[in-house]
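Since the model is a prediction, treat every value here as computed from it, not as a measurement. Quick note on labels: first sequence line is chain A, next is B, and so on, each numbered from 1.
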Amino acid sequence: MKNQEIATMLREIADFLEIQEAEYKPRAYRTAARNIESLSEDIEDIHARGELEEIEGVGESIGEKIAEYLETGELEYYEGLKADLPVDIETITSVEGVGPKTAKKLYLEVGIKTLDDLESAAEKGEIADLEGFGEKSQQNILDHIERAKESQERMLLGRAFPIAQDIETRLHDDDAFDQVDIVGSFRRRRPTVGDIDILATASVPETAMERFCTHDDVKEVLSRGETKSSVVVSGDLQMDLRIVDGTEYGSALVYFTGSKDHNITLRNWAIDRDWKLNEYGLFDVSGVDTEEDSQRAGERLASETEADVYDTLDLAWIPPEIREDTGEIDAAAAGELPDLVEIDDVRGDLQLHTDYSDGSHSVREMAEAAAERELEYVLVTDHGPHAPIPSTLDEETFEEQVADVEAANEDLNITVLQGIEAEITEDGLELPESWYDHCDLIVAGMHSTPSDPTERIVDALVESPIDIFAHPSNRLINEREPLDLDTETVMETAAEENVAIEINAQPQRLDLDWASVKEYRNTVSYVVSTDAHTTGELDFMHLGVAQARRGWCEASNVLNTHSLDDLLSFFE
DNA sequence: GCCGTTTTCGGCCCGACTGTTTTCAGTCG
C-alpha cells in the first residue's frame with residue numbers, strides 16, 4: 001500500500017512549490033495528499049482500474065504524476081524539484097516556526113540541508129546574523145529542534161484523554177473561567193491528537209490567560225496573547241487556549257472543532273449564500289464593501305450556539321466526530337445524518353482477557369467490574385493455542401475456566417459468556433474439537449504478519465466457525481503498520497459467512513479504523529470491544545464507540561447494543 | 001492545479017501571534 005508514501009511525496013512537492021511562490025498549486029497538492037491519505041482503498045488498485053482522477057482533488061496533472069510514480073518507482077518532476085533544492089524539507093519544516101520559506105533561506109544563505117545542519121548552525125550562532133532573523137529566532141529553533149526530533153508522532157487519543165480531562169476539570173473549577181470546552185481533533189475523537197485545543201470564556205480574559213500560562217504543569221510558554229496562548233505541559237503535550245466572547249461561543253466552537261476541511265466546506269457553503277462564516281459568527285455581508293471588511297462586518301445572523309450556526313445555514317447540527325468533510329454537510333442539508341451510536345447504547349463487551357492468559361484479573365473480577373459498569377453480558381476471550389504470547393489456554397486450564405465462568409453466572413448480576421480469542425494460523429484455528437461445544441462465541445484474530453494475510457483470513461472465515469473477527473488490520477498506531485490486506489474481500493467474506501467485525505477499543509489499536517468502518521457499515525455488522533486486559537481497561541469502551549461514531553454507525557450497526565438474545569440469534 | 005445546480009475560465013478560507021520589519025512576512029491552526 002503506497003498511499004502514505006505518495007501523500008508524503010505530494011506534500012513535499014507542495015513545500016517546494018510554496019518556496020517557488022506558486023500561488024495555488026501548493027494547496028492543490030496538499031488537498032490531494034490529504035485525500036489520498038484518508039483513502040481506505042489501495043491507490044495501486046485504483047490506478048489499476050484507471051480511476052486515479054476519481055479521487056477528490058486529483059486531476060489530470062497530479063493523476064499522471066501518481067501513475068508515473070507507481071509504474072516506474074520514481075517521479076521525474078519530484079526528482080527535479082529535489083535537485084534544485086536538495087533539502088530535507090519535510091523534517092526541517094517540522095521544527096515549530098520553520099516553514100518552507102525559512103527553509104529555503106537557510107539553505108541558500110547557510111547551506112542547511114538537514115536537521116543536524118540546522119542544529120549546528122544555530123549552535124554556532126550563524127542564524128542570528130541573517131537578515132530577517134535575530135537572537136530570538138535562533139533560540140526558538142534551538143528550543144524546538146529536540147521536539148521535532150522526537151515527537152514526529154501524534155499522541156494516542158487514549159493517552160491524551162486523562163490529561164485533557166484533568167485540565168478541563170481544573171479550568172472548570174477555576175473561577176477565572178466561565179465556559180470551557182476541549183475542541184480540535186480531541187473533540188472529534190481522532191485516534192491520535194497533535195495537541196489539546198481549549199476554548200473558553202472568561203469575565204476577565206487577562207486573569208484567565210495568566211492562570212493558564214503560569215500553572216505548575218506548564219513547562220514552556222510557546223506564545224502568549226490576549227485571546228490566544230500556547231503552552232507545553234509535562235508529558236510533552238502542547239495545549240492551546242483560546243478565550244472568546246460568550247456571545248460568539250457557538251461560532252468559535254464550530255471553527256475550533258474543525259476539521260480544516262469541514263470548515264472550508266462550511267465556509268464555502270456560507271459564501272454561496274452571500275454570507276461569511278468565521279470564528280466570530282455567521283454574517284450577512286451582501287451589502288458590505290469589501291474594503292471595509294473586518295472580522296465582524298455585516299449583519300450578524302448567528303454565533304451564540306453551535307446549533308444556531310448550523311441551523312441558520314439550513315443544516316442539522318453535526319456531531320463533532322463526523323466533521324471530516326466526508327459528506328456530512330450534504331447529509332445535514334438533506335436531513336440524512338445518521339443517528340450515531342452512543343456509549344449508553346452498549347450492553348455488553350465481547351472481548352476481554354483474564355489471568356488464564358495475559359490478563360491481570362480473574363474471571364470473577366472482570367465480570368464484577370463489567371457489572372459495575374452496568375453491562376448485561378461479557379464474553380471471556382483468553383488466548384488459545386498458537387498465539388504468540390507466553391501464556392495461553394491449554395486443555396486443562398480451559399476446563400478450569402469453563403468452571404469459573406459457570407460459577408460466576410450463578411451469583412453475579414451479569415451474563416458471562418465463554419469464548420476464546422483463537423489464533424488464525426496457516427492451518428486455520430487449530431483448536432481442540434471439544435472447545436467448540438463449550439464456547440458461546442468464537443473470536444479470531446491474527447497476531448502474526450504473513451505474506452498472504454488476505455488469503456489466510458478468508459480461508460479461516462470460510463472454513464472455521466468464527467463469530468467475530470478481531471482487530472482486522474492488527475495495526476498498532478505509531479508502532480506497527482496494518483496488515484497489507486484486501487479489506488474489501490475480507491469484509492465481503494465476513495458478510496457472507498455471518499462473521500461480525502470488531503472495532504477494537506484499545507488506544508493503540510482502534511481497529512477496524514474509522515474510515516473503513518464508514519465504508520463497510522452497510523456490508524458487515526460490527527461489535528465494539530475493549531479487549532480489556534485489566535478491569536480498568538473496560539473503560540476503553542468509549543474510545544471504540546467514538547470510532548464507530550466516526551464511521552457513521554448507528555446503534556443498529558453495532559451488535560453489542562442488542563439484548564443478549566438478539567445478539568446470540570444473529571450468530572445462529 | 002483543481003473544480004463547477006450561475007462557471008471549461010476564474011475563482012480558490014481566514015485570522016492570531018511572533019519577530020523583526022518601521023508596515024509586514026512567515027507560520028500556524
TODO: Report, as a single string ordered 5' to 3', how protein heavy atoms within less than 4.0 Å touch nucleotides 24-29 of chain B: B base, S sugar-phosphate only, - not at all.
DONE: --SSSB

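Side-chain atoms of N140(A) lie closest to dT18(B) of the nucleotides dT18(B), dC14(B), dG1(B). The S137(A) side chain lies nearest to dG19(B) when the options are dT18(B), dG19(B), dA16(B). Counting only heavy atoms from C-beta on, R27(A) has its side chain closest to dC12(B) among dC14(B), dC12(B), dG1(B). For S223(A), counting side-chain heavy atoms from C-beta on, the closest listed nucleotide (dT18(B), dG15(B), dC12(B)) is dT18(B).
With hydrogens and angles left out, the side-chain atoms of S137(A) and N140(A) include no donor and acceptor closer than 3.5 Å. E12(A) and Y78(A) share a side-chain donor-acceptor pair at under 3.5 Å. With 3.5 Å as the limit, one finds no donor-acceptor pair spanning the side chains of T265(A) and N268(A).
Between the P atoms of dC3(B) and dT8(B), the separation comes to 16 Å (whole Å). Here the separation of dC13(B) from dC2(B), taken at their P atoms, is 16 Å to the nearest Å. Nucleotides dT23(B) and dG29(B), compared at atom C1', are 24 Å apart to the nearest Å. Rounded to the nearest Å, the gap between the P atom of dG15(B) and that of dG4(B) is 25 Å. With C1' as the reference atom, dA25(B) and dT20(B) are 10 Å apart, rounded to whole Å. Separation of the P atoms belonging to dA16(B) and dG10(B) is 33 Å when rounded to the nearest angstrom. Spacing between dC12(B) and dC17(B) at atom P, rounded to whole Å, works out to 26 Å.
If you check every strand for non-hydrogen atoms under 4.0 Å, S229(A) touches nothing. Heavy atoms of E131(A) sit nowhere under 4.0 angstrom from any nucleic acid atom. Within the nucleic acid shown, E56(A) comes within 4.0 Å of sugar-phosphate atoms alone, with no base atom in reach, counting heavy atoms only.
Every residue meeting the salt bridge (charged side-chain N to carboxylate O under 4.0 Å, His left out) condition with R296(A), not counting sequence neighbours, appears here in chain and number order: E248(A). With sequence neighbours excluded, the residues that form a salt bridge (charged side-chain N to carboxylate O under 4.0 Å, His left out) with D175(A) are R211(A). For R11(A), the salt bridge (charged side-chain N to carboxylate O under 4.0 Å, His left out) partners are E37(A), not counting sequence neighbours. Scored by the salt bridge (charged side-chain N to carboxylate O under 4.0 Å, His left out) test, D197(A) finds no partners at all (sequence neighbours excluded). The side-chain contact (heavy atoms from CB on, under 4.5 Å) search around A202(A) returns A208(A), I243(A), not counting sequence neighbours. Legend: residues meeting side-chain contact (heavy atoms from CB on, under 4.5 Å) with E279(A), ordered by chain and number and at least two apart, are R242(A), Y255(A), F256(A), R267(A).
The CG-P distance, from L222(A) to dT18(B), rounds to 10 Å in whole Å. At whole-Å resolution of the value, CZ in R242(A) and P in dC17(B) are 6 Å apart. As a whole-Å value, the separation of L266(A) CG from dG15(B) C1' is 17 Å. Summarising the geometry, the separation between CD on E53(A) and C1' on dT8(B) is reported as 15 Å, rounded to the nearest angstrom. With rounding to whole Å, R30(A) atom CZ is found 15 Å from dC2(B) atom C1'. To the nearest angstrom, P of dC3(B) lies 16 Å from CG of D272(A).
Under the 3.5 Å distance criterion, the side-chain polar atoms of R323(A) are matched with a main-chain donor or acceptor of I318(A). Of the possible donor and acceptor atoms, one in the side chain of R475(A) sits under 3.5 Å from a partner among the backbone N and O of R509(A).
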Show me the donor-acceptor pairs, under 3.5 Å and distance only, between side chains in residues 181-188 of chain A and residues at least two apart or in other chains.
{"residue": "D181(A)", "atom": "OD2", "partner": "Y249(A)", "partner atom": "OH", "Å": "2.8"}
{"residue": "R187(A)", "atom": "NH1", "partner": "T257(A)", "partner atom": "OG1", "Å": "2.8"}
{"residue": "R187(A)", "atom": "NH1", "partner": "E306(A)", "partner atom": "OE2", "Å": "2.7"}
{"residue": "R187(A)", "atom": "NH2", "partner": "E306(A)", "partner atom": "OE1", "Å": "3.2"}
{"residue": "R188(A)", "atom": "NE", "partner": "E324(A)", "partner atom": "OE2", "Å": "2.8"}
{"residue": "R188(A)", "atom": "NH1", "partner": "T257(A)", "partner atom": "O", "Å": "2.7"}

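Evaluation of the side-chain hydrogen bond (donor to acceptor under 3.5 Å, both in side chains) test over residues 111-124 of chain A, restricted to residues two or more places apart or in two chains, returns T114(A)-D117(A), E119(A)-K149(A).
Centre separation under 5.5 Å together with a plane angle under 30° does not hold for the ring of F133(A) and the six-membered base ring of dT20(B), so they are not marked as stacked.
Nucleotides of DNA chain B nearest to R224(A) and I55(A) differ in position, and the one nearer the 5' end is that of I55(A).
For the contact set between residues 325-335 of chain A and DNA chain B, defined by any heavy atom under 4.0 Å, there are no members. Contacts with DNA chain B (heavy atom under 4.0 Å) in residues 65-77 of chain A: K65(A), listed by number. Remark: nothing in residues 302-312 of chain A comes within less than 4.0 Å of DNA chain B through any heavy atom.
For the atom pair I62(A) CD1 and I6(A) CD1, the distance stands at 11.5 Å (nearest 0.5 Å). Summarising the geometry, atom OG1 belonging to T8(A) is positioned 11.0 Å from atom CD1 belonging to I13(A); distances are rounded to the nearest 0.5 Å.
Under the Watson-Crick or G-U wobble criterion, with both distances below 3.5 Å, dT8(B) has no partner in any strand shown.
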